[in-house]
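Written out below as structure tokens is the structure these notes cover.
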Amino acid sequence: MTTVAEIFETMEYGPAPESDAPARAWLESHGATFGHFIGGEWRAGRETFEVTNPATAKPLAQVAQGTAEDVNAAVAAARAAFPAWSALPGHARARHLYALARGVQKHSRLLAVVETMDNGKSIRETRDIDIPLVARHFYHHAGWAQLLESEFAGYGPVGVVGQIIPWNFPLLMLAWKVAPALAAGNTIVIKPAEFTPLTALAFAEIAREAGLPPGVLNVVTGDGETGKLIVAHDDVDKIAFTGSTEVGRAIRVATAGSGKKLSLELGGKSPFIVFDDADLDGVVEGVVDAIWFNQGQVCCAGSRLLVQEGIADRLTKKLRARMEKLRLGSPLDKAVDMGAIVAPVQLERIRGLVERGVAEGATMWQPSWACPTEGCFFPPTLFTGVSPAATIAQVEIFGPVLVSMTFRTPSEAVQLANNTQYGLAASVWSENINLALDVAPKLKCGVVWINSTNLFDASAGFGGYRESGFGREGGREGMWEYVKAKHAPSPLHAPRSVDAAARPDGERGAWSVEGSSMPPLDRTPKLYIGGKQARPDSGYSRRVRGADGSNVGEVGEGNRKDVRNAVEAAHAAAAGWGKATGHARAQILYYVAENLATRVDEIGARIAAMTGDRREAGRDEVERAISRLFTYAAWADKYDGAVHNVPIRGVALAMHEPIGVVGIAAPEERPLLGLVSLVGPAIAMGNTVVAIPSEAHPLAATDFYGVLDTSDLPGGVVNIVTGAKDALVKVLAEHDDVEAVWYFGSPAGATAVERASATNMKRTWTETTPRDWLDPRHGEGREFLREAIQVKNIWIPYGE
Ligand code: NAI
């Protein structure tokens, strides 16, 4: 007699296919041929390309390849729609976003099936994860449209935004980009990936049906060439990109100097860290979700398993047993865990990297069952015995391939985790919450999941550090990417008149010893590096002239080597300063202000001598610099993060972290106040700085280091290198150990900085029109603080 247990053991999953008939009918309603969606109309493509189902290798549709004319037409439509769309009250835009959310829900099954057919991902995922998150994103951002005027007061839309998205979450990536852009009042030209354009086209249709005004959303299909045209278009105000680091880098270079706002969400090689007290069965399910979810084609996939040595063998055994039970097959089958890889080239890439892993000596393991032979399938794969420097431990494979390594101590785990050029996400598994929350801030990445993985929500920011890009998507953090400041009108001070003759004699030549017949004592300021005065490596000095051409002093001529030394000093100081409490940093900023206050007359006179202003104006600038230091001392312990209201039993902590070493090229105008206005927020938020002061008027900065020297500021937190600003800042922009560069100066300088920043994808902030630094509305506040931090979202589920 057969027992129940035996029946249970031998039970097979029957096929449970989702019907593709409605999706086929939808494709047929378009004659299986799609044009671009521009100005609310379909526009036939001159050339088309075929889109196939990767699970069957059968064609699905012909889609247009966007040309320059198509992109021009789409940008023109977006531009034409912009005035009316951006002028709508927030509530009206909220209704439109709400209608889009409803539209997605009404067509959710069609979208899920089309997505599965186009991408190869399982219907279980598209139905239960992708599409519900899309709807959630539009609902959430309907809320931001409603609240925009109050919550982003003083900010407005950026304009026409170009959005380029990848193929791994085609409709979800569209939602992440389209929802915030529309909420903020921008109009859009979006290009889906060439492998997976179909749900974007279906969405365009839903948007039209939902009454979105023509031209507000335009969809241009095509490959990277079409993407390039959008990036290069003169009338696009912002580019938002998700995809490979390689293309992100090309876009950074292509947009350098264009004034386009830019956000990049790039690749990753995210660590999945397992401590020996973790719940191993939970870990196994976590690993399934981390690397076999979406066939591992996830930018934040937990693709590097870092396991504490003592439990490595046990975990490997458990994982292999679980892998043996994973079900891979037709993605439309509701009972499969894994579907197809997106396209043959991606499959080849995965195969190539796996072969490389084997060749480099790691142990590969795959389950005993075989993959379907038709279509693009790759089995779940586990590598053990991987050296941290191996190709498969460093390169993003973007497939169902997990590489595993071991560590002994928490600090070794952190070191291994950070041993990559990326910094997107991490998972930390331990039943000891103290340990997990101690490790999380040490990981260089934008998202950390504690005892969980791949959790996403519209209310929490998502985005990377380092070569994983910059900018956040989701929540309030993400909204900043789609707004820009509407600066309150405040006339800039007219250029200062140089009327030396009108000045009382005593005001000239600030270096002379007033009331003395003695010749002035030579006091050439040096550079300030690591808390010490340093002679410039070049052995040269540069003369500083007053507005009337008189000689007011000399400063060191800094060079490449000096900048490198300064970066090294800033780097050495970064860990300690970054960990100091906000209160401690505030104390030091107050002390700097206090010491500056003792030198108002002297430094004010020096500023006046350099700029040609009256002494009162110089003194006024110093007084305002003191006030500005107070502002950032005040902010040091007040610029809080947030606790996001995510839909789990738990919280997502949005922590503000310092960026690291920030290079600052200060504005030419307001030589002291301009410098202090930038160095202040940077160090208040825990960064260390290499500053290049005003090239024309550097003496105020060299006075300032004298002040720093007596203010208990740890050596290396602020380093000052004088000299040719644009040449020096370029060294900073190219330097791999500099994490951000702020540049205030010429358009040519800004272009060079943005271009050079592509080396390590550092964040840049460039401005080429002078600000009114005297006016606190322009010269201080949250705008500066936002530039000085990066947000890390730490997800902490809780409960027994
Ligand atoms: P990709 O970065 O080339 O493609 C992403 C999007 O950018 C697509 O819409 C593409 O048409 C467009 N594009 C390509 N070249 C462009 C250019 N020069 N200017 C403007 N747009 C351009 O990614 P691809 O080739 O599809 O995948 C290659 C590798 O990239 C993958 O194996 C994976 O490692 C990584 N990747 C990472 C993603 C992520 O979410 N982080 C997403 C997709 C790919």
Side-chain angles (χ1 to χ4, degrees), residues 49 51 54 63-66 71 118-121 162-174 176-177 189-197 199-200 219-233 236 239-255 260 262-270 293-301 303 341-354 376 378 391-392 394-401 420-425 445-447 454 456 462-464 466-471 473 758 761:
F49 60 94
V51 175
V63 171
Q65 166 67 23
V71 170
D118 200 6
N119 168 281
K121 59 169 70 191
Q163 305 183 320
I164 296 167
I165 53 173
W167 42 258
N168 53 344
F169 293 89
L171 193 62
L172 186 57
M173 289 301 105
L174 174 143
W176 282 22
K177 299 235 170 341
V189 177
I190 188 165
K191 189 195 85 61
E194 54 272 42
F195 297 142
T196 54
T199 45
V219 180
V220 177
T221 50
D223 60 11
E225 291 307 309
T226 312
K228 273 190 204 161
L229 292 166
I230 297 173
V231 169
H233 202 293
V236 169
I239 295 291
F241 171 80
T242 298
S244 61
T245 295
E246 185 192 348
V247 173
R249 187 171 274 131
I251 291 177
R252 167 68 292 186
V253 172
T255 53
K260 288 188 177 95
L262 183 62
S263 49
L264 300 173
E265 201 266 274
L266 311 175
K269 189 79 185 172
S270 299
F293 168 54
N294 205 24
Q295 295 66 251
Q297 302 165 127
V298 182
C299 50
C300 52
S303 52
I341 300 296
V342 72
V345 316
Q346 189 62 18
L347 186 61
E348 278 318 305
R349 184 184 150 85
I350 297 167
R351 281 193 181 132
L353 281 161
V354 166
C376 297
F378 197 86
T391 309
I392 52 168
Q394 292 295 330
V395 172
E396 181 177 46
I397 300 175
F398 229 64
V401 182
T420 152
Q421 84 256 34
Y422 295 114
L424 195 49
C445 59
V447 187
N454 277 341
F456 310 100
F462 181 88
R466 307 204 277 193
E467 294 195 20
S468 292
F470 42 76
E473 296 189 289
M761 300 304 285

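Only heavy atoms go into these numbers, but all of them, side chains included; no hydrogens, no water, no symmetry mates. This one's a predicted model, so the numbers in the text were calculated from it and none came from an experiment. For ligands, and for the atoms within them, numbers begin at 1 and follow the listed sequence.
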With respect to [X], determine whether any N or O atom, backbone or side chain, lies less than 3.5 Å from an N or O atom of ligand 1.
| X | result |
| --- | --- |
| T242 | no |
| I165 | yes |
| V231 | no |
| E265 | no |

Run down the list [options] and name the one with the heavy atom closest to [atom].
| atom | options | answer |
| --- | --- | --- |
| atom 36 (N) of ligand 1 | Y422, F195, F398 | F398 |
| atom 31 (C) of ligand 1 | E225, Q346, E194, E246 | Q346 |
| atom 28 (C) of ligand 1 | G162, P197, S244 | S244 |

Can you tell me how far the CE atom of M761 sits from the CD atom of Q421, to the nearest 0.5 Å?
11.0 Å
Protein contact of [atom] - nearest heavy atom, named by residue and atom, plus distance:
| atom | answer |
| --- | --- |
| atom 32 (O) of ligand 1 | R349 NE, 2.9 Å |
| atom 27 (O) of ligand 1 | W167 NE1, 3.8 Å |
| atom 7 (O) of ligand 1 | F241 CE1, 3.2 Å |

Which of the atoms in ligand 1, numbered in the order shown and given with their element, are less than 4.0 Å from a heavy-atom of I164?
6 (C), 7 (O), 9 (O), 12 (C), 20 (C), 21 (N)
With ring pair (Phe, Tyr, Trp, His ring centres under 6.0 Å) as the test, would you mind laying out the steps for W176 and F169 before giving the verdict?
CA-CA 10 Å; W176 282 22; F169 293 89; 8.0 Å; no
